Amino acid sequence: MSIKPLSVSTLTPLLTRIDDARDGQICSLRLLSSSTLQIVFSVQDVARGYDWIEIVFQVNGVTDAKLVSDAVLSSLDMSEGITVELDSHYCALGIGAYRGRVHEAPLYILGTSLGYQERPFGG
C-alpha cells in the first residue's frame, strides 16, 4: 500500500475515525530523507468496531521539528491524542491537544504536505 495524500476535506473524517489517536501509542518515528519523516501510531478505528490498526503519517518538505529519542517515544502521553493542521501549503502534526500552538507540543513536525497509510495492527 502506498501513502495517500491528505487534504482538508479528507483529514477530518480520518481523525474522527481514529478519535484523534486518543489513548493510542506511538510505534515508531523514522527519517526517510533529509526532508521526509514518518510516524506510526497504533489506534482504535471506529469504522472497524474499535479494532486496533496502525496509521502511518508521512510529512514531506519538513521545515521544522521537535523530536524525541526512540526510548522516549512510547512514554509520551497520548491521552489527548494528536493535533493535525493542514492547508494547501502547510501541515503540522503534534502530540497532544495543541491546535494553533503546535510548537508547544512535546513532539511536533511541520512540513509542506501530509499523507497517510492504514495498516493492520502489528503490520
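For clarity, every value in this text was computed on a predicted model and none was experimentally measured.
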Student: Do Leu67 and Leu29 touch side chain to side chain, with heavy atoms closer than 4.5 Å?
Tutor: yes
Student: For Val56 versus Val40, what's the shortest heavy-atom pair and its separation?
Tutor: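 The answer is CG2-CG2, 3.9 Å.
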Student: Please walk me through it: do Leu6 and Phe57 pass side chain to side chain contact (heavy atoms under 4.5 Å, CB included)?
Tutor: CA-CA 9 Å; Leu6 271 170; Phe57 285 104; 3.8 Å; yes
Student: On a heavy-atom basis, which atom in Ser42 and which in Cys27 lie closest, and how many Å separate them?
Tutor: OG-SG, 3.0 Å
Student: Hey, does the side chain of Arg99 reach the backbone of Val84 with a donor-acceptor pair shorter than 3.5 angstrom?
Tutor: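 Yes, the answer is positive, given that a donor and an acceptor are paired below the 3.5 Å cut-off.
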Student: What is the minimum heavy-atom distance between Ala47 and Arg17, and which atoms define it?
Tutor: CB-NE, 3.7 Å
Student: Taking all heavy atoms of Leu110 and all of Ala92, pick out the closest pair and write down the distance.
Tutor: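 So the minimum-distance heavy-atom pair works out to CD2-CB, 3.4 Å.
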Student: Can Asp64 and Tyr108 be said to form a side chain to side chain contact (heavy atoms under 4.5 Å, CB included), step by step?
Tutor: CA-CA 8 Å; Asp64 188 16; Tyr108 68 82; 3.2 Å; yes
Student: Spell out, as yes or no, whether a donor-acceptor pair under 3.5 Å connects the side chain of Asp77 to the backbone of Ser79.
Tutor: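 Yes.
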Student: Are Val59 and Ile18 linked, directly or through other ILVMFWY residues, by side chains that come within less than 4.5 angstrom of each other?
Tutor: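 Yes, one cluster joins them.
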Student: Is it true that Leu11 and Ile109 fall in one hydrophobic cluster, defined by side-chain heavy atoms closer than 4.5 Å?
Tutor: yes
Student: Is there a donor-acceptor contact under 3.5 Å from the side chain of Asp20 to the main chain of Arg22?
Tutor: no
Student: What heavy-atom pair brings Gln25 and Ser74 nearest, and what distance separates the two atoms?
Tutor: NE2-CB, 4.2 Å
Student: Say you draw a straight line from NE2 of His89 to OG of Ser113; how long is it, rounded to the nearest 0.5 Å?
Tutor: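 Rounded to the nearest 0.5 Å, the NE2-OG separation comes out at 12.0 Å.
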Student: Could you walk me through whether Leu14 and Thr12 satisfy the side chain to side chain contact (heavy atoms under 4.5 Å, CB included) test, starting with their C-alpha distance in whole Å, then the side-chain angles of each, then the deciding distance to 0.1 Å, before giving a yes or no?
Tutor: CA-CA 5 Å; Leu14 176 63; Thr12 300; over 6 Å; no
Student: Closer than 4.0 angstrom, basic N to acidic O: yes or no for Asp51 and Arg48?
Tutor: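 No.
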Student: Does CZ in Arg30 sit with more than 12 non-hydrogen atoms of other residues, nucleotides or ligands closer than 6.0 Å?
Tutor: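 No, CZ of Arg30 has 12 or fewer neighbouring heavy atoms, counting only those of other groups under 6.0 Å.
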Student: Closest approach of Leu76 and Pro106, non-hydrogen atoms and distance?
Tutor: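 Between these two residues, the closest heavy atoms are CD2-CB, 4.1 Å.
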Student: May I ask whether Val46 and Ile82 are part of the same hydrophobic cluster, defined by side-chain heavy atoms of I, L, V, M, F, W, Y residues being less than 4.5 angstrom apart, directly or through others?
Tutor: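 No, it is not one cluster - the side chains of Val46 and Ile82 are not joined through contacts under 4.5 Å.
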Student: Give a yes or no answer on whether the side chain of Gln44 reaches the backbone of Tyr50 with a donor-acceptor pair at less than 3.5 Å.
Tutor: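 Indeed, once roles are kept as given, a pair shorter than 3.5 Å links the two residues.
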Student: Between the side chain of Thr36 and the main-chain N/O of Leu32, is any donor-acceptor distance below 3.5 Å?
Tutor: no
Student: Under 3.5 Å, side chain of Glu85 to main-chain N/O of Gly100, donor-acceptor pair present?
Tutor: yes
Student: When hydrophobic residues are tied together by side-chain contacts of less than 4.5 Å, even through go-betweens, does Leu107 share a cluster with Phe41?
Tutor: yes
Student: So, does Thr112 use its side chain to make a donor-acceptor pair with the main chain of Asn60 at under 3.5 Å?
Tutor: yes
Student: For Arg101 and Tyr98, indicate whether the former's side chain and the latter's backbone hold a donor-acceptor pair under 3.5 Å.
Tutor: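 Answer holds: no.
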Student: Can you classify the ring geometry of Phe121 versus Trp52 as parallel (below 30°), tilted (30 to 60°) or perpendicular (above 60°)?
Tutor: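 Rings of Phe121 and Trp52: tilted, 30 to 60°.
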Student: With Glu54 as reference, evaluate Glu118, Gln117, Arg119 under the side chain to side chain contact (heavy atoms under 4.5 Å, CB included) test and give the passing residue.
Tutor: Arg119
Student: Would you compute the distance between atom CG of Leu86 and atom CG of Leu93 and round it to the nearest 0.5 angstrom?
Tutor: 10.5 Å
Student: Would a single hydrophobic cluster contain both Ile26 and Leu15, if residues Ile, Leu, Val, Met, Phe, Trp and Tyr are joined by side-chain heavy-atom contacts under 4.5 Å?
Tutor: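 As far as the 4.5 Å side-chain criterion goes, Ile26 and Leu15 are connected within one cluster.
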